[in-house]
Protein chains: 2
Amino acid sequence: MSPPDSSRPRSDKNGSERAEHLAGLIMALARREGMKAGDRLIEQRLADALDLSRAPIRLGLKALEAAGLARGEPHRGFVLAKNPTSIAAQPALAAVRRNEQVYATIAGDVLATRLPADVTEAELMRRYDVTRAELQRLLDRIAAEGWIARLPGYGWRFAETVSSPEAQAQAKAFRAVIEPAAIAQPGFALTQEVIIRLRERQQRVFEDEIEKMTIGEIFQSGCEFHEEIIRGAGNPFFLEALRRVNSIRRLFAYRSFADRDGMRRHVREHLRLLDVLETRRYTEAADLMARHLQRPLVAGLS
Amino acid sequence: MSPPDSSRPRSDKNGSERAEHLAGLIMALARREGMKAGDRLIEQRLADALDLSRAPIRLGLKALEAAGLARGEPHRGFVLAKNPTSIAAQPALAAVRRNEQVYATIAGDVLATRLPADVTEAELMRRYDVTRAELQRLLDRIAAEGWIARLPGYGWRFAETVSSPEAQAQAKAFRAVIEPAAIAQPGFALTQEVIIRLRERQQRVFEDEIEKMTIGEIFQSGCEFHEEIIRGAGNPFFLEALRRVNSIRRLFAYRSFADRDGMRRHVREHLRLLDVLETRRYTEAADLMARHLQRPLVAGLS
DNA sequence: GATTGTTCTTTTGTGCAACAATATACAATC
DNA sequence: GATTGTATATTGTTGCACAAAAGAACAATC
């Protein structure tokens, strides 16, 4: 119909989009693990932690070096050049992949119901100007996160879980059921190591990182905390259910504002919960969790 | 390595695999709806119910006619030729699609841990002798059901939810938490129509169909019952969580034997539950549900 | 007025071949 | 002994042309 519009260049000439992405993953990991400047970045260890092999890790490391965040000597591997900070604060890695942007745009459009519940791939390809392959990866990811599903014929349907305005309250109600229940499960237990690791991380956040973290990171850290706790039930169904809720809550998170004080209080509750869990008073812990989840707090943040 | 084995014929000459599949869907629907011989099969209505358009429905109807299960007059549409019975009992439609078999085989292999947790697509293609496209559809479906997930690099990883031997008990524990809790949610409500429809269906199963149904069908009917109930909470997170558990329980179901008496008792409990729900005694209903779910019963059947 | 028959358009799946990314194994180096 | 460097095999992705499936609109029939 319209003139054969010279479509957007197939692949922009930034050679190393993937590499920068990997670099970001590595930095995020280093951050979570509380690594400091000077710590070694051991390929195999990173590979294991990220469920990859050394080849892609190495790409990421080279990108980190190019960005000045790591230093490498031949045969001696790489070393962190700076204390890892928020990725968002690293302009050198700011080449957020195009797909991320499209993802975010779609998420925004769905949340604002600017998209119909049922859509076809072709529609989306036109609307967001992506290739079929790119779109399919996106859709697969979204499907895995549980907010879109294939229709039997053509097209996809967004889950009501996202499109509805009450979704946030519903997510909260759901968590208020499963999280305390998980803790109250007969076999519930957390190893000392896990508790220590969680406490360290929360403490770090509490003491000096809250100010430097983005909303997304704070949210992520909260999710990981709760998921680690619920994992203690030893029942993957609880964990998986929580993961799904969280992946949807993440969509809302970007809209919520940063209330650093509220967050501090929130993290303090996490620490308190850990204390109770450590002494194995699980009934009490379940109770505490229930109250923790009821607190109003920052919209959408727990 | 081995001689270039003349691979399996691309597409066996059964022209209408898809059509038979659609026919099966239509019969299953007719069955669920309690239709009888002589009832009209209205294209648009079927299309709406199956989330498809009339084109594929029509294919299915023609296949049904070819199989002698429906009769069609020009310009007068199709009519059920026989009371719809178990699809398994319809040899004419027995051309279960090859993919179903592969699916079942994979499921079996995973349950019996004959497969490693991490697999690559190429491995699976070789092992089950399917094309890439076929395999991808299967994997997508399995991923949607939640028991496999893509790894960041190559390959896929089966969820521990399936591979572990305690999965069944864990599914039960999880349901015992969410189902009663859903009923106990503040806004819980079921419309009279839903209750009536459910009661009808359960009654039908109870009175004369249990004997004729396959394990899979009985299981399916149970799932639908519970899902319909939980939907009353108006919170899609509960519903979705239950759906996921059920799609995994379905894998186990095929291994369990048929205890028709246990099932009768089971269905009777469903009917009792409906009575309580009808009078809006939700606390009591939640209780009843909790007990219903605790009952040992047939392995894997609730 | 509802339903079916027919036709046309749009959308999606498929197979292939070149290409890119990842994994693996082993040698080299600290 | 652990870690990095390198080479090679394996695996997955992309774009394209073509085939098949699904959807939509409207006429024909009951």
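Throughout, a chain's letter reflects where its sequence line sits, starting with A, and its residues are numbered from 1.
Taking atom CG of A/Leu61 as the reference point, atom P of D/dT3 lies 14 Å away to the nearest angstrom. Regarding A/Arg126, its CZ atom lies at a distance of 9 Å from the P atom of C/dT10, rounded to whole Å. Residue B/Leu52 contributes atom CG, which lies 14 Å from atom C1' of C/dT12 at whole-angstrom precision. Protein atom CD of A/Glu43 is 14 Å distant from nucleotide atom P of C/dT22, rounded to whole Å. Atom CZ in B/Arg137 sits about 10 Å away from atom P in C/dG15, given to the nearest Å. Rounded to a whole Å, the CG atom of A/Leu151 is 15 Å from the P atom of C/dT11. Distance B/Leu41 CG to C/dA2 C1': 16 Å, rounded to the nearest Å. At whole-Å resolution of the value, OH in B/Tyr154 and P in D/dT10 are 12 Å apart.
Contact between the side-chain N/O atoms of A/Arg150 and the OP1/OP2 oxygens of C/dT12 is not found at any separation under 4.0 Å. Of the side-chain N and O atoms in B/Arg58, one or more sit less than 4.0 angstrom from OP1 or OP2 of C/dG5. An OP1 or OP2 oxygen of C/dT3 is reached within less than 4.0 angstrom by a side-chain nitrogen or oxygen of B/Arg45. The side chain of A/Arg76 places no N or O atom within less than 4.0 Å of a non-bridging phosphate oxygen (OP1 or OP2) of D/dG5. Note on B/Ser53: every side-chain N or O is 4.0 Å or more away from OP1 and OP2 of D/dA22.
Here A/Glu217 does not pair with A/Arg32 in a salt bridge; the nearest charged N to carboxylate O distance is not below 4.0 Å. Checked for salt-bridge contact, A/Glu227 and A/Arg231 miss the test: no charged N lies under 4.0 Å from a carboxylate O. Taking the charged nitrogens against the carboxylate oxygens, B/Glu100 and B/Arg141 do have a contact shorter than 4.0 Å, which makes a salt bridge.
Residue-to-nucleotide proximity on DNA chain D shows that, of A/Gly77 and B/Leu22, the 5′-proximal contact is made by A/Gly77. Map A/Pro56 and A/His75 each onto its nearest nucleotide of DNA chain C; the residue landing nearer the 5' end is A/Pro56. Of the two residues contacting DNA chain D, namely B/Gln136 and A/Arg40, the nearest-nucleotide position lying further toward the 5' end is that of A/Arg40.
Side-chain proximity of A/Ala133 to D/dT4, D/dG12, D/dG15: nearest is D/dG15. Counting only heavy atoms from C-beta on, A/Ile42 has its side chain closest to D/dT4 among D/dA22, C/dT4, D/dT4. If you check D/dG12, C/dT11, D/dG23 against the side chain of B/Ala122, the one that comes closest is D/dG12.
The residue A/Ala55 sits close to a base: some heavy atom pair falls under 4.0 Å. Here B/Arg54 lies in heavy-atom contact (under 4.0 Å) with a base. A/Glu123 comes within 4.0 angstrom of nothing in the nucleic acid, heavy atoms only.
In this structure, A/Trp147 and A/Tyr103 have perpendicular ring planes: the angle between them is above 60°, well past the 30° mark.
When each of B/Arg197, B/Arg243, B/Arg201, B/Arg250 is paired with B/Glu224, the salt bridge (charged side-chain N to carboxylate O under 4.0 Å, His left out) condition holds for B/Arg201 and for no other.
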Checklist entry - Could you walk me through whether B/Gln136 and B/Asp140 pass the side chain to side chain donor-acceptor pair (under 3.5 Å) check? => result CA-CA 6 Å; B/Gln136 277 176 347; B/Asp140 283 353; over 6 Å; no
